[in-house]
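Shown next, in structure tokens, is the structure this report addresses.
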Amino acid sequence: MKSVFALPCMAAWLALAQAAAGQVYPDRPVRIVVPFPPGGSTDFSARILATHLPRALGQTIVVDNRGGAGGNIGAELVAKAAPDGYTLLVTAEGPITINPNLYTKLPYSLRDLTGIAQLIKYANVLVVNPSVRAGTVKELLALAKAQPGKLAYAHPGIGTNPHLSAELFKIKGGVELIGVSYKGGGPAMVGVIGNEAQVSFATAPSAIPHVKSGRLKALAVTTAARSTALPELPTISESGLPGYNVAGWVGLFAPARTSEKIIARLYEETAKVLQLPEVKDVVLGGGSETSSSPPRETNAIVRDETAMWAKVIKTAGVKVE
């Protein structure tokens with residue numbers, strides 16, 4: 001009789017063990033969606049995770065580039081994915097903090113996503129064509145006020161971080177600059193180098209090579225504190241526009257309702273990756289720095305910047321074409 005009862009007990013134990021094993025995260029490959037084409041800081045950040053996280057998680061990380069609609073297509077895909085930790089989003093701030101204020105009908109909501117970590121952050125750099133007779137922010141403001149509407153700024157598209165950085169500069173500085181839209185950061189830099197436009201608030205990775213070569217003149221960085229990658233440059237805030245603060249960044253997000261245990265595991269392992277000397281060095285070499293802000297802080301950054309860009313977009317009357 002003892003063996004008869006033992007059989008169902010053993011079967012039940014095995015079933016529980018298998019169920020528990022099935023709950024171990026992750027037990028299959030994890031997909032990271034990048035809402036932009038390959039190349040650039042967002043894709044670069046995702047591939048850092050895809051290289052280093054598998055050792056900690058024991059699973060392959062697949063990078064899935066889903067560009068289009070200013071990042072909305074990829075962001076929507078993750079926002080509507082199952083909240084099981086197997087579909088994640090690595091994105092720049094645009095689809096998270098800017099697009100919700102820019103598009104009247106967005107196919108997802110900020111409530112559909114939750115932050116895991118801020119991965120990297122970088123300053124935009126205020127650069128001018130070498131022919132511009134201004135070596136400081138104050139001199140550029142004075143020049144713009146003396147010649148309203150004569151200076152043009154290049155940007156990589158309506159609603160991008162560099163575009164709105166310039167609009168915030170115009171609002172705070174009380175100056176009139178003419179915006180010229182280009183198809184990407186590279187063409188915008190070419191436009192300033194060729195003097196088609198005289199000013200740009202370029203991302204550090206795109207600006208630094210041209211500043212070092214002397215083809216562009218750097219005046220300041222946009223962040224509240226000086227950039228680790230460009231410590232010799234003052235901030236715009238300390239150079240004549242107190243309170244000016246714009247940072248570019250890339251973050252890791254998951255669908256809302258993903259369990260806190262999975263979020264915590266992903267943050268813990270991601271933070272370890274971002275502390276690796278080889279990772280910090282390659283990120284710094286590209287003009288950025290690692291961040292590893294925890295989930296609560298990442299969500300607070302999103303909340304604060306969304307409110308800031310809402311005011312800028314409304315005041316400047318920015319609209320997507």
Side-chain angles (χ1 to χ4, degrees), residues 17-35 41-65 74-75 77-93 95-97 110-122 228-229 247-286 288-306:
Q18 289 171 348
Q23 293 172 2
V24 174
Y25 174 83
D27 62 5
R28 62 182 189 272
V30 175
R31 176 172 60 153
I32 290 180
V33 174
V34 176
S41 57
T42 306
D43 183 67
F44 169 73
S45 300
R47 294 184 189 279
I48 285 177
L49 297 184
T51 299
H52 295 280
L53 276 182
R55 277 177 271 176
L57 298 180
Q59 291 292 336
T60 302
I61 306 293
V62 178
V63 176
D64 183 5
N65 294 89
L77 191 157
V78 178
K80 295 181 177 178
D84 55 12
Y86 291 97
T87 302
L88 306 174
L89 177 70
V90 166
T91 182
E93 68 282 353
I96 304 296
T97 65
L110 287 180
R111 294 189 297 271
D112 299 327
L113 294 165
T114 188
I116 298 172
Q118 188 184 63
L119 304 176
I120 67 169
K121 58 185 178 180
Y122 51 86
T228 304
W249 52 265
V250 176
L252 177 63
F253 295 83
R257 300 180 302 281
T258 300
S259 77
E260 291 185 6
K261 188 173 292 187
I262 289 176
I263 295 292
R265 174 85 192 281
L266 286 168
Y267 170 70
E268 178 184 359
E269 300 302 343
T270 295
K272 290 177 183 176
V273 168
L274 295 174
Q275 290 303 314
L276 293 173
E278 61 268 34
V279 170
K280 294 173 77 72
D281 288 345
V282 73
V283 170
L284 188 62
S288 305
E289 54 189 289
T290 56
S291 175
S292 69
S293 297
R296 182 175 294 181
E297 185 176 337
T298 300
N299 286 323
I301 291 169
V302 168
R303 183 183 64 246
D304 294 345
E305 290 196 6
T306 300

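Note that this is a predicted model, so its numbers are computed, not measured. Reckoned from all heavy atoms, side chains included, excluding hydrogens, waters and symmetry mates.
No option in Ile301, Thr306, Leu113 other than Leu113 meets the side-chain contact (heavy atoms from CB on, under 4.5 Å) test with Ile96.
Across every non-hydrogen atom of Ala75 and Pro35, the tightest pair is N-CB, 4.0 Å. Contact between Leu89 and Gly74 at its shortest, heavy atoms only, is CD1-O, 4.1 Å. When every heavy atom of Ser45 is checked against every heavy atom of Leu119, the shortest pair comes out as CB-CD1, 4.2 Å. Shortest non-hydrogen contact noted between Thr114 and Pro255 is CG2-O, 3.8 Å. Considering every non-hydrogen atom in both Gly115 and Ile263, the closest pair reads O-CG2, 4.3 Å. Taking each heavy atom of Thr42 and Val90 in turn, the nearest pair found is CG2-O, 3.3 Å.
The closest side-chain heavy-atom distance from Val78 to Phe253 is not below 4.5 Å. Put simply, the side chain of Val34 does not reach to within 4.5 Å of the side chain of Phe44, judged on heavy atoms.
Scanning for side-chain hydrogen bond (donor to acceptor under 3.5 Å, both in side chains) contacts around Arg111 gives an empty result, with sequence neighbours left out. Residues meeting the side-chain contact (heavy atoms from CB on, under 4.5 Å) test with Pro26, sequence neighbours left out: Val30, Leu57, Gln59, Tyr86, Arg265. For Asp84, the side-chain hydrogen bond (donor to acceptor under 3.5 Å, both in side chains) test picks out Arg28, with sequence neighbours left out. Scanning for salt bridge (Lys or Arg N to Asp or Glu O under 4.0 Å) contacts around Arg47 gives Asp43, with sequence neighbours left out. With sequence neighbours left out, the side-chain hydrogen bond (donor to acceptor under 3.5 Å, both in side chains) criterion links Lys280 to Thr290. Under the side-chain hydrogen bond (donor to acceptor under 3.5 Å, both in side chains) criterion, Arg257 pairs with no residue at all, not counting sequence neighbours.
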Go through it in stages, so that I can follow the logic: the residues are Tyr122 and Ser41, the test is side-chain contact (heavy atoms from CB on, under 4.5 Å), and I'd like the CA-CA distance, side-chain angles, deciding distance and then a yes or no.
CA-CA 10 Å; Tyr122 51 86; Ser41 57; 3.9 Å; yes

I would like to know whether Tyr25 and Lys261 meet side-chain contact (heavy atoms from CB on, under 4.5 Å); could you show each step before the answer?
CA-CA 9 Å; Tyr25 174 83; Lys261 188 173 292 187; over 6 Å; no

Check step by step if side-chain contact (heavy atoms from CB on, under 4.5 Å) holds for Ile48 and Val283.
CA-CA 10 Å; Ile48 285 177; Val283 170; 3.9 Å; yes

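Put simply, OG on Ser292 and CD on Glu268 are 12.5 Å apart, with the number rounded to the nearest 0.5 Å. Atom CG of residue Leu274 and atom CD of residue Gln118 lie 10.0 Å apart, to the nearest 0.5 angstrom. Leu88 contributes atom CG, which lies 5.0 Å from atom CD1 of Ile116 (distance to the nearest 0.5 angstrom). In this structure, the separation between OG on Ser291 and CG on Leu252 is 12.0 Å, given to the nearest 0.5 Å. Note that CD1 of Ile32 and CG of Leu53 are 6.5 Å apart. Values are rounded to the nearest 0.5 Å. Once rounded to the nearest 0.5 Å, the distance linking OG1 of Thr87 with CG of Asp64 reads 9.0 Å.
Within a 6.0 Å radius of CD in Glu260, no more than 12 heavy atoms belonging to other residues, nucleotides or ligands are found.
In terms of modelled atom types and a separation under 3.5 Å, the side chain of Tyr267 and the main chain of Pro295 share no donor-acceptor contact. Remark: the backbone N or O of Pro294 is paired with a side-chain donor or acceptor of Thr298 at under 3.5 angstrom.
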